[in-house]
Structures are given as structure tokens and as C-alpha cells.
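Right, one structure below, let's go through it.
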Amino acid sequence: MSALKQYIMNSRRKFILKSFLGATGLSALAGKLPLFAQIRKPLSAIKPIVISTWNHGLAANEAAWQVLNAKGRALDAVETGVKVTEADPKVTTVGYGGYPDREGKVTLDACIMDEEGNCGSVAFLQNIKHPISVARLVMEKTPHVFMVGEGAQRLALAHGFKKENLLTPQAAKAWKEWLKTSKYKPVINAENHDTISMLAIDAQGNMSGACTTSGAAWKMHGRIGDSPIIGAALFVDNEVGGACATGLGEAVIKMVGSHLVVELMRQGLSPQDACRAAVERIVKKQKNYKELQVGFLAMNKAGETGAYSVQPGFNYAVHNGQENKLIDAQSMVK
Ligand code: SD4
């Protein structure tokens with residue numbers, strides 16, 4: 001079903017529900033409940049679930065699931081989950097082992113958001129292996145939501161984080177190879193991994209999300225992508241659901257992608273249709289869409305999931321307690 005059709009159907013559903021509540025004298029209640037709560041199943045029916053971007057999401061989901069299975073908080077689950085990817089030197093797009101900028105510096109971006117709408121971000125962070133945990137520090141230990149560079153690093157060091165060299169020999173070799181031509185063009189999903197973005201619902205029915213990346217390889221020194229920007233790479237509204245993004249950050253920032261996906265779900269679109277509508281927006285507004293990749297991943301409060309990307313090749317991992325499996329997203333360009 002097209003995103004538009006789904007929207008019209010849900011608007012009709014909203015109208016019928018309003019008429020019913022009016023006729024039964026419950027319209028005052030209708031005004032107080034979010035539409036989502038009116039048309040979706042009760043929280044008691046929600047089972048814990050965790051989803052994340054790309055193949056590396058499988059290992060990250062496993063760690064996140066341990067937290068969810070022990071009745072832990074979704075916030076702890078997403079932090080624990082993406083830390084697996086941050087620590088993996090084989091993943092050249094996140095944390096330790098991430099490809100550096102054109103000056104050979106590994107600079108990391110991350111953000112985190114909890115069920116109460118609290119959030120924290122770090123950008124241009126160097127020599128700290130777990131930017132997601134520093135983003136959480138910003139959220140929980142400071143009056144701010146976004147810290148960058150040296151200040152963010154100082155916050156981390158003050159809380160016991162250690163300075164580490166994050167440039168692995170393999171990443172240094174790839175950088176030296178790139179220097180031979182020094183040509184910069186964002187690569188479309190070259191190796192089936194990119195930013196890790198993760199959303200989880202815990203046993204209490206609460207949702208949180210996390211996103212972490214080393215950003216675009218060979219970026220200009222100082223460039224920051226979408227990954228630390230709340231609303232662009234990640235947005236969670238515990239009444240509605242959450243969305244996250246991967247791919248070319250510049251394209252995501254221009255249309256505040258994840259916030260758009262959540263707002264479309266609030267209007268009644270399924271996660272899949274909301275992601276598709278956001279990708280349609282990129283295709284409509286950004287003339288160079290054939291040269292870029294963006295993937296959106298979303299989950300609503302009922303634990304329904306969906307994804308959509310500009311180019312083929314985007315996939316995501318879903319762990320629901322029974323299985324941890326990869327699902328290929330549909331794409332606009334076939
Ligand atoms: C960013 N979304 O920094 C991240 C990762 C990336 O191409 O660049 N992917 O834009």
C-alpha cells in the first residue's frame with residue numbers, strides 16, 4: 001500500500017474513532033489520549049525487541065538482548081549493543097578501527113535518546129573508544145545535550161575514560177592509499193556496513209535509541225554528519241515510536257529525517273511506509289539522490305518495524321527473543 005493511501009486510511013480511522021467517541025460521550029477522553037494510544041494494542045501486549053542497522057547489527061543486537069532479557073532498561077540495552085560495534089576493529093565505519101578524515105584523524109559522532117525524551121550527543125570526539133557512553137554522560141551528567149571536540153573529551157576523561165589511539169594499522173593503510181589520489185566522493189554502501197543505529201523496546205514498553213559512527217571516510221577535518229544530531233539520525237517519542245538513519249549524513253540533515261519518520265508514524269503511517277515517505281522526500285528534493293545512499297529504520301510502540309532506503313543494499317537486524325535475523329530493506333532505486 002502506498003504511503004499516501006495508508007495516510008488516508010488512518011485519517012479515516014481517526015475520523016470514525018472520533019465519531020464513535022463523540023456518540024458515546026467519550027470525546028473528552030479522546031482529546032487527552034494520543035492517536036497512537038487510541039488505535040494500537042495496549043502496552044501490556046508489547047514484547048521486548050531490538051533492531052539495528054546493517055550486518056554488524058546482529059552482534060550488537062545479541063548484546064542488547066542480554067539486557068532486555070534480564071528486564072533491563074531499553075536505554076542500557078542500546079548503549080550496550082552499539083558498544084560492541086564501536087569496539088570492533090573490523091568495522092571501519094564506527095569507533096575503534098573507523099576510517100579517519102583526510103588528515104588521518106579518527107573523529108567520532110554519537111547520540112542517544114531515552115523514553116522521556118532526554119538526549120545527549122557528542123561530535124568530533126577523538127581518542128575515546130565509546131562515544132555513545134560519552135553521549136550518555138552529556139545527557140545524564142550535564143545540563144546540556146550536545147558537546148563537541150576537546151570539551152567532550154575532557155568530560156569523558158573526568159569520568160574515567162582513557163585516551164586511546166583509535167587508528168588501526170588497517171585503517172591507516174587505507175588512508176595512505178586514499179592519499180595517493182585524494183579524491184573525495186561519498187561511497188554508496190561499499191562494504192555493507194556503515195553507521196550503527198539501534199532502537200529497543202524493553203519489558204516495561206519503553207523505547208530508547210542510539211547512533212554512533214566514525215562518519216564519512218576521508219571527510220574534511222571538522223566535518224560532522226547526521227549521527228550526533230537528534231532529529232536527523234535518531235528520534236524517539238515514547239508515545240509513538242522511534243526512527244534512526246544511516247548513510248550520507250548531509251542528505252539526512254537537510255530533511256531532519258528521523259524526526260520526520262516519527263511524525264509520519266504519529267499521523268498513522270506504518271514504520272515501513274513512514275520510512276518510504278521520508279526517502280520519497282529525499283528523492284523529490286535532492287537532485288543528486290542517485291549518487292547517495294540513505295536508509296531509515298523505524299519501530300512503533302507496538303513493536304512493528306520497517307525500513308526503506310534510497311539505493312538497494314541496506315539491511316537491518318531484528319532480535320525479538322526468538323530469533324536474531326537480517327532483513328533486506330526495500331529501496332527507491334531498484
Ligand atoms: C555520517 N551517517 O557521518 C554517517 C555515516 C556516513 O556515509 O557518512 N555514511 O554521515
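Given the structure is predicted, the values throughout are model-derived calculations rather than measurements. Just so you know, ligand 1 is whichever comes first in the structure, and atom 1 is the first atom listed for that ligand. Sequential numbering from 1 along the given sequence is applied to the chain's residues.
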List every atom of ligand 1 that sits less than 4.0 Å from any heavy atom of Asp226, numbering the atoms from 1 in the order shown and giving each element. 1 (C), 2 (N), 4 (C), 10 (O)
Taking only heavy atoms of Thr195 into account, list the atoms of ligand 1 that are under 4.0 Å away from them. 2 (N), 4 (C), 5 (C)
Per-atom contacts of ligand 1 with Asp194, taking only distances under 4.0 Å to non-hydrogen atoms: 5 (C), 6 (C), 7 (O), 9 (N)
Please check whether Thr246 reaches ligand 1 - meaning an N/O of the residue sits under 3.5 Å from an N/O of the ligand, judged on distance alone. no
Atom CD of Glu164 with >12 non-hydrogen neighbours under 6.0 angstrom: yes
Pair Lys173 + Glu177, salt bridge at N-O below 4.0 Å: no
Heavy-atom contacts under 4.0 Å between Ala216 and ligand 1: side chain, backbone, both, or neither? both
Give yes if a backbone or side-chain nitrogen or oxygen of Gly249 is under 3.5 Å from a nitrogen or oxygen of ligand 1, and no if not. yes
Are the side chain of Gln311 and the backbone N or O of Tyr289 linked by a donor-acceptor pair below 3.5 Å? yes
Under 4.0 Å to a heavy atom of Gly215 - the qualifying atoms of ligand 1, by number: 3 (O), 8 (O)
May I ask which of Gln293, Glu250, Arg223 has a heavy atom nearer to atom 1 (C) of ligand 1 than the others do? Arg223
Do the rings of His319 and Trp65 sit parallel, tilted or perpendicular, given the 30° and 60° boundaries? parallel
Counting from 1 in the order shown, the ligand 1 atoms closer than 4.0 Å to a non-hydrogen atom of Ser227 are 2 (N), 4 (C)
If you draw a 6.0 Å radius around CZ in Arg102, do more than 12 non-hydrogen atoms from other residues or ligands fall strictly inside? yes
State plainly whether the residues Lys254 and Glu250 are in salt-bridge range, i.e. N to O under 4.0 Å. no
Between Trp218, Trp178, Trp175, which is the residue that forms a ring pair (Phe, Tyr, Trp, His ring centres under 6.0 Å) with Tyr99? Trp218
